[in-house]
Amino acid sequence: MSLKFTIVKKLDGTLGRAGSIQTPHGTIETPAFITVGTKATVKSLNSDQIKEIGIQCVLANTYHLYLQPGDELVKRAGGLNKFMSWKGPTMTDSGGFQVFSLGVAFGKGITKMTKGKELLLPEARPDDEGLPKLVTIDHDGVMFRSHLDGSAHYFTPERSMEIQHNLGADIIFAFDECTSPTESIHYQSEALDRTHRWAKKSLERHLELSKQNSEQSLKGGLQAPALFGIVQGGRHENLRKESAQFLADLKVNGVGFDGFGIGGSFEKEDMGSAVRWANEILPEDKPRHLLGIGEPEDLFQGVENGVDTFDCVAPTRNGRTGTVYTVTGKKHIGNAEFIDKFAAIDPDCGCYTCKNYTCAYINHLFRGKEMLAGTLASIHNLYFVTHLVSGMRKAILEGNFVRYKEDFFNTYKRLS
RNA sequence: GCGGAAGUAGCUCAACUGGUUAGAGCACUCGCCUGUCACGUGAGAGGUUGCGGGUUCAAGUCCCGUCUUCCGCG
């Protein structure tokens with residue numbers, strides 16, 4: 001496999017560690033925050049801006065790129081890196097999250113992270129009646145109805161691997177079923193069996209394709225990616241542990257996964273323990289990615305519990321919709337208090353936005369619905385989160401992680 | 001000066017022949033967003049219906065007066 005993971009230093013008394021992941025397109029120093037670029041673009045930013053922020057890696061999406069412009073086209077373009085003109089490491093998600101986001105979550109306001117356990121009660125679940133259904137799950141795969149034009153597309157683990165190999169990211173993920181936090185333990189268990197069955201099929205097909213790829217790469221084709229298996233199991237300790245063990249042990253012709261993703265949806269307070277259950281079992285010498293997690297408090301929890309990389313839409317989506325991160329918490333930059341605040345979002349921030357623009361100006365851009373608004377806020381938010389996590393790495397290496405965390409939460413308050 | 005039309009939320013406009021608590025869009029205020037269906041979305045505040053009389057059980061709506069604006073004619 002084309003990936004090498006090295007642990008440089010561990011965080012005493014926890015599962016945390018600082019290390020590096022070497023990929024064909026460069027090294028990711030971990031812990032690291034990875035930026036989401038679903039459709040081969042970090043929304044509103046170009047490659048130079050992504051690089052200047054200090055972003056190490058971009059994660060794109062299989063389902064979206066398969067629908068548009070098509071994985072074959074991306075392959076013809078020379079792969080994801082060339083297509084989007086990004087020289088650093090890349091990942092692609094398998095489409096497993098869309099089983100959830102376009103499935104049971106579609107149009108119902110259910111999110112990956114629930115707040116308040118009442119949502120987990122069956123009687124609080126929204127009714128299915130009259131709502132559009134874009135996903136049908138069966139034993140072998142998932143039928144998606146395109147959110148773009150309604151056309152039907154059947155995804156299997158094998159198909160997801162083929163698409164991801166065409167896209168050509170450095171790290172790809174097994175096709176899984178991301179379940180809703182509102183599902184019963186019975187359903188979670190059933191879904192987990194599916195995810196495990198699909199994990200094996202993903203690995204098998206991946207190895208076949210890798211063999212073909214390596215023959216092609218001698219002739220100048222794309223290098224074979226590394227494959228991460230995904231741990232599921234919802235909020236349940238036994239399922240999480242079972243899943244971690246299954247994936248850790250899974251081998252095809254003596255070859256296992258190159259790393260692991262931890263997926264699923266959580267009740268806010270349960271996330272840390274769900275991650276710990278998995279990471280206590282997953283092999284220490286393989287990298288672990290926590291899928292779709294990204295608020296500052298969650299990132300600290302993830303790192304302490306042994307997560308190496310994260311991806312999350314929060315910095316970019318929040319930025320585009322007017323919420324910015326500051327050392328005292330999140331703020332709505334479009335609010336009236338910023339109309340005439342002629343100072344940077346954070347005077348001590350080193351990002352391009354804070355070095356060049358005032359709150360008043362960004363407030364004006366949001367009120368005027370100017371495109372630059374989302375760009376400037378995204379730059380700031382990505383810088384904030386990226387450097388928060390790289391700061392954790394530095395703190396682990398220097399042995400002052402606890403103080404780093406305390407200093408952060410001394411001023412940072414959650415909005416809600 | 002004469003004739004006509006129109007005055008309803010900050011703005012643009014609704015409200016069948018009089019009939020509950022005068023609505024909507026935008027703007028405004030405040031939320032929300034965690035492997036992107038997303039430059040998305042929810043809620044709230046905001047009106048003595050130009051002003052003054054009258055008819056009626058009941059008036060944004062009908063009548064009279066008055067003010068303002070627009071159009072046409074002098």
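Lettering of chains follows the sequences in order, A, B, ..., and the numbering in each one begins at 1.
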Next item on the list: Please check the phosphate of B:C39 (OP1 and OP2 only) for any side-chain N or O of A:Arg367 closer than 4.0 Å.
Entry: no

Check: Under 4.0 Å between a side-chain N or O of A:Gln98 and OP1 or OP2 of B:G35?
Finding: no

Notebook entry, point to check: Contact class for A:Thr38 vs. all strands (heavy atom < 4.0 Å): base, sugar-phosphate, or nothing?
Noted result: base

Next item on the list: For A:Glu370, report the nucleic acid contact type (base, sugar-phosphate, nothing); a contact means any heavy atom under 4.0 Å.
Entry: nothing

Next item on the list: Look at A:Asn335 and B:G31 and indicate whether a side-chain polar atom (N or O) is within less than 4.0 Å of OP1 or OP2.
Entry: yes

Note to self: Between P on B:U34 and NZ on A:Lys112, what's the gap in Å once rounded to a whole number?
What the structure shows: 10 Å

Notebook entry, point to check: Where along residues 56-74 of chain A does a heavy atom fall under 4.0 Å from RNA chain B?
Noted result: A:Leu59, A:Asn61, A:His64

Notebook entry, point to check: Nearest heavy-atom pair of A:Asn81 and A:Gly88: which atoms, and what distance?
Noted result: ND2-O, 2.8 Å

Next item on the list: Under 4.0 Å between any heavy atoms, over every strand shown, what does A:Met371 touch: base, sugar-phosphate, or nothing? Just pick one.
Entry: nothing

Note to self: Could you tell me how far B:C57 sits from B:G18 if I compare only their P atoms? Round to whole Å.
What the structure shows: 15 Å

Checklist line | Value in whole Å for how far the P atom of B:A38 lies from CD1 of A:Ile110 | finding: 18 Å

Checklist line | Span that lies between the P atom of B:A24 and that of B:G65, in whole angstrom | finding: 36 Å

Check: Is there a donor on the side chain of A:Gln164 or the base of B:G35 sitting less than 3.5 Å from an acceptor on the other?
Finding: no

Check: What distance, rounded to whole Å, do you find between the two C1' atoms, one in B:A38 and one in B:A59?
Finding: 47 Å

Notebook entry, point to check: Once you round it to whole Å, what is the distance between P of B:C33 and CD1 of A:Ile293?
Noted result: 13 Å

Checklist line | Residue among A:Ile55, A:Thr41, A:Thr35 satisfying side chain to side chain contact (heavy atoms under 4.5 Å, CB included) with A:Ile50 | finding: A:Ile55

Notebook entry, point to check: Relative to the 5' end of RNA chain B, which residue comes earlier, A:Met113 or A:His147, by the nucleotide with the nearest heavy atom?
Noted result: A:Met113

Checklist line | Between B:A27 and B:C11 - C1' atom distance, rounded Å | finding: 7 Å

Next item on the list: May I ask you to say what A:Ser44 touches in the nucleic acid, namely base, sugar-phosphate or nothing, with a heavy-atom cut-off under 4.0 Å?
Entry: nothing

Margin query: What is the separation between atom CG on A:Leu382 and atom C1' on B:U36, rounded to the nearest whole Å?
Written below: 13 Å

Check: So what does A:Gly322 touch, heavy atoms closer than 4.0 Å: a base, only the sugar-phosphate, or nothing?
Finding: nothing

Note to self: Expressed as a whole number of angstroms, how long is the span from A:Glu295:CD to B:U36:P?
What the structure shows: 15 Å

Margin query: When the C1' atoms of B:G47 and B:A15 are compared, how many Å lie between them, rounded to an integer?
Written below: 14 Å

Notebook entry, point to check: Under a cut-off of 3.5 Å for both distances of each Watson-Crick or G-U pair, what dot-bracket string does RNA chain B give, using [ ] for crossing pairs and | for inter-strand pairs?
Noted result: (((((((..((((.....[...)))).(((((.......))))).....(((((..]....)))))))))))).

Next item on the list: Would you mind listing every ring-ring contact (aromatic ring centres under 6.0 Å, His included) that reaches into residues 229-250 of chain A, with sequence neighbours excluded?
Entry: A:His196-A:Phe246

Check: If you check every side-chain atom of A:Thr321, which of B:C37, B:U36, B:G40 has the closest atom?
Finding: B:G40

Margin query: If you only use heavy atoms from C-beta on, which nucleotide in B:C37, B:C39, B:C30 is closest to the side chain of A:Phe97?
Written below: B:C37

Next item on the list: Using whole Å, report how far CZ of A:Phe266 lies from P of B:G35.
Entry: 11 Å

Less than 3.5 Å apart, which donor and acceptor atoms pair up between the side chains of residues 352-359 of chain A and the rest of the protein, not counting sequence neighbours?
from	atom 1	to	atom 2	distance (Å)
A:Thr353	OG1	A:Leu376	O	2.7
A:Asn356	ND2	A:Tyr352	O	2.8
A:Thr358	OG1	A:Tyr361	N	3.1

Next item on the list: Take atom P in B:A22 and the same atom in B:C64, then report the distance between them in whole Å.
Entry: 27 Å

Notebook entry, point to check: Does any N or O in the side chain of A:Ser160 come within less than 3.5 Å of the main-chain N or O of A:Phe175, such that one atom is a donor and the other an acceptor?
Noted result: no

Check: Taking the same atom, P, in B:U29 and in B:G23, what whole-Å distance lies between them?
Finding: 24 Å

Next item on the list: For A:Asp311, answer base if it contacts any base atom (sugar-phosphate contacts may also be present), sugar-phosphate if it contacts only those atoms, and nothing otherwise; contact means non-hydrogen atoms under 4.0 Å.
Entry: sugar-phosphate

Donor-acceptor list for residues 401-410 of chain A side chains, cut-off 3.5 Å, not counting sequence neighbours:
from	atom 1	to	atom 2	distance (Å)
A:Tyr404	OH	A:Leu388	O	2.8
A:Lys405	NZ	A:Glu304	OE1	3.3
A:Lys405	NZ	A:Glu304	OE2	3.0

Notebook entry, point to check: Between B:U29, B:G35, B:A38, which nucleotide has the shortest distance from any of its atoms to the side chain of A:Cys312?
Noted result: B:G35

Next item on the list: Scan A:Lys369 against the nucleic acid and name what it touches under 4.0 Å (heavy atoms): base, sugar-phosphate only, or nothing.
Entry: sugar-phosphate

Item checked: Side-chain donor/acceptor of A:Asp93 to backbone N/O of A:Asn61, under 3.5 Å -> no

Checklist line | Separation of B:U41 C1' from A:Arg320 CZ (nearest whole Å) | finding: 13 Å

Check: Of the candidate nucleotides B:C37, B:G35, B:A38, which contains the atom at the shortest distance from the side chain of A:Ser94?
Finding: B:G35

Check: If every non-hydrogen atom of A:Asp170 is compared with every non-hydrogen atom of A:Pro89, which pair is closest and at what distance?
Finding: OD2-CA, 3.1 Å

Margin query: So, OP1 or OP2 of B:C32: does either fall under 4.0 Å of a side-chain N or O from A:His332?
Written below: yes

Next item on the list: Among the candidates B:G35, B:U34, B:U29, find the nucleotide nearest to the side-chain atoms of A:Ala314.
Entry: B:U34

Check: So what does A:Gly294 hit on the nucleic acid, given a heavy-atom distance under 4.0 Å: a base, only sugar-phosphate, or nothing?
Finding: base

Item checked: Residue from A:Phe33, A:Phe310, A:Phe260, A:Phe173 passing ring-ring contact (aromatic ring centres under 6.0 Å, His included) with A:His289 -> A:Phe173

Notebook entry, point to check: Would a distance-only check, ignoring hydrogens and angles, find a side-chain to backbone donor-acceptor pair under 3.5 Å from A:Arg145 to A:Val135?
Noted result: no

Notebook entry, point to check: Which whole number of Å gives the distance between the P atom of B:G7 and that of B:C16?
Noted result: 13 Å

Check: What is the minimum heavy-atom distance between A:Leu3 and A:Phe228, and which atoms define it?
Finding: CD1-CE1, 4.1 Å

Notebook entry, point to check: Do any side-chain nitrogens or oxygens of A:Arg317 fall under 4.0 Å of OP1 or OP2 in B:U34?
Noted result: yes

Checklist line | Backbone of A:Thr309 reached by a side-chain donor or acceptor of A:Thr30 within 3.5 Å | finding: no

Notebook entry, point to check: Roughly how many Å is it from CG in A:Asn363 to C1' in B:C30, rounded to a whole number?
Noted result: 14 Å

Next item on the list: With RNA chain B as reference, determine whether A:Ala174 or A:Lys39 sits nearer its 5' end, using the nearest nucleotide of each.
Entry: A:Ala174

Margin query: Under the rule for side chain to side chain donor-acceptor pair (under 3.5 Å), what residues qualify as partners of A:Gln188, not counting sequence neighbours?
Written below: A:Thr179

